[in-house]
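One structure is given below, encoded as structure tokens.
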2 protein chains.
Amino acid sequence: MRQNQARRAALLDAAIDVLAREGARGLTFRAVDAQAEVPGGTASNYFANRDDLLTQAGARIYERLEPDAATLARSLEGPRDRERVTQLMHELVDRISTYRTGYLALLELRLEATRRPGLRAVLTPRIRADIDANVDYHLRSGLPGDATAVMLLYLAMNWLIVEQLTLPEVFTQEQLRDLVERAVERLIPESDRSGAG
Amino acid sequence: MRQNQARRAALLDAAIDVLAREGARGLTFRAVDAQAEVPGGTASNYFANRDDLLTQAGARIYERLEPDAATLARSLEGPRDRERVTQLMHELVDRISTYRTGYLALLELRLEATRRPGLRAVLTPRIRADIDANVDYHLRSGLPGDATAVMLLYLAMNWLIVEQLTLPEVFTQEQLRDLVERAVERLIPESDRSGAG
DNA sequence: AACGTAGTACTACAATCGGAGTGGTGTCAA
DNA sequence: TTGACACCACTCCGATTGTAGTACTACGTT
């Protein structure tokens, strides 16, 4: 078992790309080798088996999605009104095209988690922490909308993303933007005069 | 190419089960044969190739999900108030456990559609028609809530279902019910005194 | 400066496995 | 008798895995 951490990370990044492109079942050692452009057999030397690879990839995805938290920090800079929420939601949805492989890989992993308890055990706390962080962040930032509103926005935006990722022709770009705006319109109060600090 | 339609349908049903259990990539002729409990090689005789099988399975899923439309017809029987909407949403979410394989197979197909234009072409109009039917149905039934509200409910409920199907431990049953109720609470007006008729 | 060692990159190989497709035979019904 | 189909068995093929063996690099020692 090789110990080169940089190479291991590169292999995991390659694995995430493979996941998005080929699906969970297409994630083979060889495919990872090819994607990472390393000699065949390398992935075999770094991961004990497929389960090991899947699980580590599941953990790795979040390491790469967390930098969005830095972007999220920027969200504090603007005003704290409903329009700002709309803008943030637009940015979230737009981010799909940038991180497309990440989102798709995560979906693949979710489905694979159906069959792999070990993977499920890794993903469940991560997702829950992500949700909690989102809600906490929103509330503490002073943006309008309570925890319930944030949760419902989270649900709606997530499916919107799935729809866009998997069957982009179901909604036009206009419908997409419209749905985002109406979601905020309906779920977030016009301004937060009561709880703002 | 065999013509026995009953057997073909049985093979497609088996294919849907395989999809849910093994994922899109695990859908092989042999696996379908095994699931359908027919001799090996049978599926080969009924479908030209994997693409053919996938596409037909994608179409077949909707044949089996449509009977829900019959169930949906029953939804007209109750009162036309917000509480009724809540009840219908609960029923929708509860239906997951009954049709689990169907929902999972559909998710797998969505991801596979990412890679197969032919499958995408089959799924896109189906999904769109399904959404439109839902909205139309809701509006014509006289239940409270406009098209936007129905759409947003649709988005939120769909992701709730994904969450429950793939990582059931993220939300407890109570949280799940709570989210359904709050979604209706926030998105559907308390009663529809204006547009009913 | 020469040497030894450890860890790793790389190559190549051998074995395995799963799956696809097809030809042949028996059966049933028209 | 003929045609379609169920069933069975067999062969060919490609992909994948795991590993053995070799070369390289860095580092520490003398």
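We name chains A, B, ... by the order of the sequence lines, and we start the count at 1 in each one.
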Anything under 30° is parallel, anything over 60° is perpendicular, the rest tilted; go ahead and classify B:Tyr154 against A:Trp159.
->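 The rings of B:Tyr154 and A:Trp159 stand perpendicular, inter-plane angle above 60°.
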How would nucleotides 8-18 of chain C be written as a contact map, 5' to 3', with B for base contact, S for sugar-phosphate-only contact and - for no contact, using protein heavy atoms under 4.0 Å?
-> SBSB------S
Rounded off to whole Å, could you give me the [atom1]-to-[atom2] distance for the [X] and [N] pair?
X	N	atom1	atom2	answer
B:Glu37	D:dC7	CD	P	12 Å
A:Phe29	D:dT19	CZ	C1'	13 Å
B:Gln5	D:dA6	CD	P	11 Å
B:Leu53	C:dG19	CG	P	13 Å
B:Gln35	C:dG19	CD	C1'	17 Å
A:Asp33	D:dA15	CG	P	15 Å
A:Arg50	D:dG18	CZ	P	10 Å

Quick one: do B:Glu169 and A:Arg128 make a salt bridge, cutoff under 4.0 Å?
->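 Not counted as a salt bridge, because no side-chain N and carboxylate O are separated by less than 4.0 Å.
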Evaluate the criterion side chain to side chain contact (heavy atoms under 4.5 Å, CB included) for residue pair B:Tyr103 and B:Thr98; output intermediate values, then yes/no.
-> CA-CA 10 Å; B:Tyr103 281 96; B:Thr98 314; over 6 Å; no
Does the side chain of B:His138 come within less than 4.5 Å of B:Val85's, by heavy atoms?
->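 They are in side-chain contact.
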Are any non-hydrogen side-chain atoms of A:Asn49 and A:Asp52 less than 4.5 angstrom apart?
->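 Side chain of A:Asn49 against side chain of A:Asp52, heavy atoms only: contact under 4.5 Å found.
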Quiz item: cation-pi between B:Arg8 and B:Phe47, 6.0 Å / 45° |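 Flagged: B:Arg8 positioned over aromatic ring of B:Phe47.
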